[in-house]
Amino acid sequence: LHFNLTAAGGYSPKEAKKYVDEFKDWVKKQQENKKWKEIRNTICLDVSPQQKRLITPIYVRQKIFGYCSLLFTKESIEDVDKMVLEQAALACSLHLLNEQTRIHTEQRIRGSVLEDILNKQLSMSEIVKHAHYLDFQLINPYFIVAIHRRFENKSFNEEIEFNDQFMNDLLGQLNKIQVNALLGQKSENVIALFSEDALKKRNINKETFCKRLLDFCAKQYPEYGFRMGVSSSIESIMDAANLYDESLAALKVTNNRQKIVFFDSLGLVGMLMQTKNLDTIEKFAYKILGKLIEEDKLKNMELTKTLYHYLENGSNVHKTARAMNFSISGLRYRLGRLNEILQTDINTPYIKHEIYLALQSLIVLGVLEID
């Protein structure tokens, strides 16, 4: 779609690149002069005295996927040239449609297998068989990544179409770097199961890989806000359901400043999550922040959110005010109120650490949502 060279014949790679660069510069000038129109049919373009280009779009599912061109040095272009080019574009369309269908089918199978693993509906022997057919390496330890993307004013059909395209792009990127995964969708998130040891064999560590994956998502779709929660690693794939819970817990703690959170970084909250003892987490959070929560319930948790942003910004008043788009004086007043309600100094190091853990607990429990 952006006229990047995919394949060429009849020229050396250097010559082909020269013609493509010349064409892209010509298109850019046409766009700047508002003379450019989308190419929807076969047309001839006089790019330069050395480049006469017959170009036609490649359609896949009624959408333009790319373009096919013939380059000429002769003045006249015959009807047979157009016919040959359009037949070549049609062959490309059929090939791409077959590839898309294959990827969609594979993706549905992979998503179904992952769903069955998370729901503990497959025995180990069945998982081994499915993994073999899907070319997924069963090498422990394993971890799960949950990716959330923000939708604003999107219709249901647009959301489904985006999900399909996003999953295909994600799968394509993983294939490109030769990293296999089981991918699926669950609770409006994209879920991916990876083998950590398989990554290490390609000299990629878990943290670096996840950050690069999030960067890919952000660059591929800059209009969407992506966040990622990453589970800890376990030895048995039969315990993958626990990894899913961990990835969601980490995802809940993400915010606009911290778009990726690793479950291992949650400390005490993470340990309590692993025991599945949500009552213990709740008691811990309410013991420290109970008075504040009761005070703040009818005020959209504004003071509690202020406390979170203050600690997230290293207890720096100026940084917090900028992050919240708040005045310094207004912020200082709120910090004073927080000290009054909690009957403590929130800047005391050990108290600060306990409060931060309690805030993370509230996020995991769904009591507090940070924008």
Side-chain angles (χ1 to χ4, degrees), residues 1-105 107 149 151-155 157-173 175-176 216-224:
L1 281 175
H2 304 289
F3 307 111
N4 295 316
L5 182 64
T6 303
Y11 297 102
S12 68
K14 188 175 180 180
E15 286 176 317
K17 186 178 183 306
K18 183 190 78 172
Y19 282 119
V20 169
D21 289 345
E22 183 181 45
F23 178 55
K24 288 170 80 172
D25 288 340
W26 180 82
V27 170
K28 188 177 179 182
K29 287 176 184 175
Q30 295 289 308
Q31 290 171 333
E32 288 171 354
N33 295 328
K34 297 183 179 178
K35 294 180 179 179
W36 178 254
K37 291 182 180 179
E38 185 183 28
I39 301 166
R40 304 194 67 83
N41 300 294
T42 306
I43 59 169
C44 184
L45 301 172
D46 289 312
V47 178
S48 72
Q50 293 77 36
Q51 183 180 167
K52 183 186 285 284
R53 181 180 286 257
L54 187 66
I55 184 169
T56 194
I58 299 169
Y59 283 93
V60 179
R61 300 183 192 275
Q62 300 180 330
K63 289 186 178 180
I64 295 175
F65 197 89
Y67 300 92
C68 198
S69 300
L70 287 174
L71 271 62
F72 295 87
T73 52
K74 63 183 183 181
E75 284 300 316
S76 61
I77 295 173
E78 300 174 13
D79 288 342
V80 68
D81 297 321
K82 291 183 179 180
M83 185 182 73
V84 168
L85 180 63
E86 287 171 355
Q87 289 298 311
L90 179 60
C92 290
S93 295
L94 290 171
H95 171 72
L96 291 165
L97 181 61
N98 285 337
E99 277 295 288
Q100 274 196 1
T101 304
R102 181 186 65 79
I103 290 171
H104 274 137
T105 303
Q107 188 50 55
R149 57 254 182 254
F151 286 100
E152 289 182 0
N153 303 321
K154 292 285 181 183
S155 69
N157 288 337
E158 285 176 320
E159 187 172 331
I160 290 174
E161 188 176 326
F162 171 79
N163 284 347
D164 286 343
Q165 187 60 52
F166 175 61
M167 295 278 278
N168 285 339
D169 288 343
L170 200 58
L171 191 63
Q173 175 65 10
N175 288 337
K176 185 178 177 181
F216 166 78
C217 296
K219 287 176 183 175
Q220 191 77 4
Y221 295 97
E223 68 272 30
Y224 294 96

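Excluded from the calculations below are hydrogen atoms, water molecules and symmetry mates; all remaining heavy atoms, backbone and side chain alike, are included.
Considering every non-hydrogen atom in both L45 and I43, the closest pair reads CD2-CD1, 3.6 Å. The heavy-atom pair separating A89 from T56 by the smallest distance is CB-CG2, 3.6 Å. Across all their heavy atoms, F65 and V60 have their closest contact at CB-CG2, 3.8 Å. For S69 against I55, the heavy-atom pair with the smallest separation is OG-CG1, 3.4 Å. Here the closest heavy-atom approach between residue I77 and residue C44 is recorded as CD1-SG, 3.3 Å.
Using a 30° and 60° split on the angle between ring planes, Y221 and Y224 fall in the perpendicular class, above 60°.
Residues C217 and R149 have side chains not in contact (no heavy-atom distance under 4.5 Å, counting atoms from C-beta outward). Under the 4.5 Å side-chain criterion, counting only non-hydrogen atoms from C-beta, W36 is in contact with V27. Using a 4.5 Å heavy-atom threshold, the side chains of E22 and W26 count as separate.
Atom CD of Q62 is surrounded by 12 or fewer heavy atoms from other residues, nucleotides or ligands within 6.0 Å. The local environment of NZ in K82 is sparse, with at most 12 non-hydrogen atoms from other residues, nucleotides or ligands closer than 6.0 Å. For N33, the CG atom counts as densely surrounded, since its 6.0 Å shell holds more than 12 non-hydrogen atoms of other residues, nucleotides or ligands.
Look at K29 and D25 and you find no salt bridge, because none of the NZ, NE, NH1 or NH2 atoms lies under 4.0 Å from a carboxylate O.
Here the OH atom belonging to Y19 is positioned 7.0 Å from the CD atom belonging to Q51, to the nearest 0.5 angstrom. Note that CZ of R53 and OH of Y67 are 12.0 Å apart. Values are rounded to the nearest 0.5 Å. Distance check, rounded to the nearest 0.5 Å: OG of S93 to CG of N98 gives 11.0 Å. Between the CD1 atom of I58 and the CD1 atom of I64 there is a distance of 10.5 Å, given to the nearest 0.5 Å. The distance from atom NZ of K17 to atom NZ of K24, rounded to the nearest 0.5 Å, is 8.0 Å. Rounding to the nearest 0.5 angstrom, the gap separating the CG atom in L171 from the CE atom in M167 is 8.0 Å.
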TODO: Go through the steps for Q87 and V84 under the test side-chain contact (heavy atoms from CB on, under 4.5 Å), then give the verdict.
DONE: CA-CA 5 Å; Q87 289 298 311; V84 168; 5.9 Å; no
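Judged by distance alone, the side chain of E15 and the main-chain N or O of S12 form a donor-acceptor pair under 3.5 Å. Although no hydrogens or angles enter the test, the distance criterion places a donor-acceptor pair under 3.5 Å between the side chain of Y59 and the main chain of R40.
With sequence neighbours excluded, the residues that form a side-chain hydrogen bond (donor to acceptor under 3.5 Å, both in side chains) with E86 are T42.
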